[in-house]
Amino acid sequence: MKKGEVMNSYIERVIKEVESRNNNQPEFIQALKEVLTTLEPIISSSDKYEKNAILERMTEPERIIMFRVPWVDDNGKIQINRGYRVQFSSLIGPYKGGLRFHPSVNLSVMKFLGFEQIFKNALTGLPIGGAKGGSDFDPKGKSDNEVMRFCQSFMTELYRHIGHDVDVPAGDIGVGGREVGYLFGQYKRIKNAYEGGVLTGKAISYGGSLARTEATGYGLLFYMREMLKEHGNSMNGKTVTISGSGNVAIYAAQKATAMGAKVVAMSDSNGCIYDENGINLDCIKEIKEIKRGRIKEYLECNPNAKYIEKTGANSPIWNIKTDIALPCATQNELTLEDAKILVANGVIAVGEGANMPSTTEAIDYFLEHKVLFAPAKAANAGGVATSAIEMTQNSIRYYYTFEEVEQKLDTIMTNIFKACKQAADEAGISGNYVAGANIAAFKKLSEAMIAQGLV
Ligand code: NDP
Ligand code: 2IT
């Protein structure tokens, strides 16, 4: 069956119900349809799913928290933002997922991310449920003190809803080491207890895990390596373009380079740089991790590189000819139009480092044109998997070495690829890792849901 064609009446009914209930939440509906339309092989195999209302329950968050975040800027002016935590599922472990600070954050975005997180976390094989949170706060251009005051105010409300066995937030867009540090400090102060495992993505000095910073990008490349190997190919010698220049993009670029590929383009929301000899990652890290600057500043590092300003809705990076494309910025950043250009330019494989970066139409186009496609909830699971390893270290009050964590991450990503492949093969759709990932995760989640009764 072609993706998008729903054959099963139960799936069809649930999609309609969820659509009419959440009609102003386009990202959530998109994420949900992408999953449900691929579950036909498993849903049709037994009536237990409908009898137990599995899909109805899986698409309704257990709890949504929304709150006011008041803070004072450096000019003494009062600012009000909105905070969120969508505690989507605690089926297989404490709620777990990142916090995003970006002006585009709204309930639809939070719910789509929380929904995807349930499936992603199930694929890791580790005991973590699914959640997402954040705020429409924009950290861009804010001073460290403003970011600190915002984080303290955000945590002053959030603290009552989280805990190392309850809900464990981490980073995402706009939330990195600096923000996690301020959030942790405020949590500890309010609780008067050192609950190290209440947040992940902490710095090494106070309970973070080595390799958590690198984990999402590295994990994406481990998954790509396995997928390419399965199809008789490898990263070695390939040209790669990577959208974004944040945490995921930078470490994806680093591992791709280590695997013998050449990363020729990266981007931010203003435009992209193209460096035909391979991007100098030390420059990118200096610009993005230290100066918090714009990617255009790369030209100061290499005046021979090209900067292409983003002028329309589409990112100029997808016009660049490449063997491998890795969207690592944000949702719906790769459209059908972009997919057509990439395919016309001979792209071999696409790997999603960001969450839902490709539109549904773009994914369908890639699959129809036999482009190897690594879906986000499998391919970017290395970040949250390493967060779970951070929680483990906090529980046992011990530290693993960088090499130990990286080895565990590699094994987890290899197993995730195997699970996606096996599920796709069993469903008779070999090579469709989108459906494979969804089915493999759904199997585990639905089993747990039935076992735990009607909750
Ligand atoms: P960062 O904040 O470190 O970086 C985000 C990057 O994406 C920046 O280059 C940013 O550019 C760009 N970007 C953000 N929003 C937009 C937009 N609306 N349009 C164009 N570009 C945009 O975030 P991460 O690297 O952590 O996250 C990137 C993606 O990866 C997200 O989808 C996130 O959900 C996902 N992810 C992250 C994980 C993690 O561990 N951090 C784990 C799994 C997935 P600019 O500076 O111009 O805004
Ligand atoms: O989307 C994601 O998986 C993340 N932002 C990481 C979440 C986490 O808890 O580490």
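Whatever order the structure lists them in is the order used to number ligands and atoms, beginning at 1. Keep in mind it's a predicted model, so treat the numbers as computed, not measured. Each residue takes its place number in the sequence, starting with 1.
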How far apart are the C-alpha atoms of Asn438 and Glu34, what are their side-chain angles, what is the distance that settles it, and do they pass the side-chain contact (heavy atoms from CB on, under 4.5 Å) test? CA-CA 9 Å; Asn438 292 338; Glu34 263 183 44; 5.6 Å; no

Heavy-atom gap His102 to ligand 1 smaller than 4.0 Å: yes

Ion pair check, Asp172 and Arg100, cut-off under 4.0 Å: yes

Option nearest atom 18 (N) of ligand 1 (shortest heavy-atom distance, choices Thr330, Ile295, Ile242): Thr330

Honestly, for Glu116 the part within reach of ligand 2 (heavy atoms, under 4.0 Å) is neither

Could a heavy atom of Arg294 be found less than 4.0 Å from some atom of ligand 1? yes

State whether a side-chain donor-acceptor pair under 3.5 Å links Thr359 with Asn332. no

Nearest neighbour in protein (non-hydrogen) for atom 9 (O) of ligand 2: Lys96 NZ, 2.6 Å

Does the N or O separation between Lys120 and ligand 2 drop below 3.5 Å for any pair? yes

Could you establish whether Gly176 and ligand 1 come within less than 4.0 Å of each other, counting only heavy atoms on the residue side? no

Centre-to-centre under 6.0 Å for Tyr206 and Phe184, is that the case here? yes

Quick one: are the ring centres of Tyr298 and Tyr274 less than 6.0 Å apart? no

Establish, yes or no, whether the cationic atom of Lys142 lies under 6.0 Å from the six-membered ring centre of Phe137 and within 45° of the ring axis. yes

Is the closest heavy-atom distance from Lys140 to ligand 1 below 4.0 Å? yes

Are side-chain N/O atoms of Ser143 and Asp74 paired as donor and acceptor at under 3.5 Å? yes

Just heavy atoms, cut-off under 4.0 Å: does Met356 contact ligand 1 by side chain, backbone, both, or neither? neither

Output field: ring centroids Phe67/Tyr84 closer than 6.0 Å: no

Distance-only polar pair, side chains of Asp136 and Asn106, donor-acceptor under 3.5 Å: no

Within the 4.0 Å heavy-atom shell around Thr216, which atoms of ligand 1 are there? 38 (C), 39 (C), 40 (O), 42 (C), 43 (C)

Close-contact set for ligand 1 against Arg100 heavy atoms, below 4.0 Å: 31 (C), 32 (O), 33 (C), 34 (O)

Which residue and non-hydrogen atom of the protein lie closest to atom 5 (N) of ligand 2, and at what distance in Å? Asp172 OD1, 2.9 Å

Got an N/O contact under 3.5 Å between Asn270 and ligand 1? no

Does the separation of the ring centres of Phe150 and Tyr182 fall below 6.0 angstrom? no

Looking only at distances, can you tell me whether any N or O atom of Gly174, backbone or side chain, sits closer than 3.5 Å to an N or O atom of ligand 1? yes

Heavy-atom contacts with Gly244 under 4.0 Å: which atoms of ligand 1 show up? List them by number with element. 9 (O)

Nearest to atom 8 (C) of ligand 2 by heavy atom, Ala170, Pro169, Gly353: which? Ala170

So is there a nitrogen or oxygen of Asp268 less than 3.5 Å from a nitrogen or oxygen in ligand 1? no

Give yes if a backbone or side-chain nitrogen or oxygen of Gly171 is under 3.5 Å from a nitrogen or oxygen of ligand 2, and no if not. yes

Against the six-membered ring of Tyr400, is Lys408 placed for a cation-pi contact (under 6.0 Å from the centre, within 45° of the normal)? yes

Looking only at N/O atoms, are Lys132 and ligand 1 under 3.5 Å apart anywhere? no

Might you confirm whether atom CZ of Arg57 has over 12 heavy atoms from other residues, nucleotides or ligands at distances under 6.0 Å? yes

Where the closest heavy atom to atom 31 (C) of ligand 1 is concerned, which of Ala329, Gly382, Ala376, Gly219 has it? Ala329

How close does the nearest protein non-hydrogen atom get to atom 4 (O) of ligand 1, and which residue and atom is it? Gly246 CA, 3.3 Å

Protein heavy atom under 4.0 Å of atom 28 (C) of ligand 1: yes

Start with the C-alpha distance between Asn394 and Lys202, add both sets of side-chain angles, then the distance that settles side chain to side chain donor-acceptor pair (under 3.5 Å), and finish with yes or no. CA-CA 11 Å; Asn394 297 146; Lys202 300 181 294 296; 2.9 Å; yes

Is Lys120 in polar range of ligand 1, meaning some N or O pair under 3.5 Å apart? no

Residue pair Tyr95 / Gln117, side-chain donor-acceptor N/O under 3.5 Å: no

Regarding ligand 1, does Cys328 bring an N or O atom to under 3.5 Å of one of the ligand's N or O atoms? no

Applying a strict 4.0 Å limit to heavy atoms, is Arg212 in contact with ligand 2? yes

I'd like to check whether Asn380 has a polar contact with ligand 1, where a contact means an N/O of the residue lying under 3.5 Å from an N/O of the ligand. no

Mind checking whether Gln331 has an N or O less than 3.5 Å away from an N or O of ligand 1? no

Is the distance between the ring centroids of Tyr223 and Phe417 under 6.0 Å? yes

If you measure from the Lys or Arg side-chain nitrogens to the Asp or Glu carboxylate oxygens, is any gap between Asp167 and Lys96 under 4.0 Å? no

Proximity to ligand 2 by part of Asn355, non-hydrogen separation under 4.0 Å: side chain

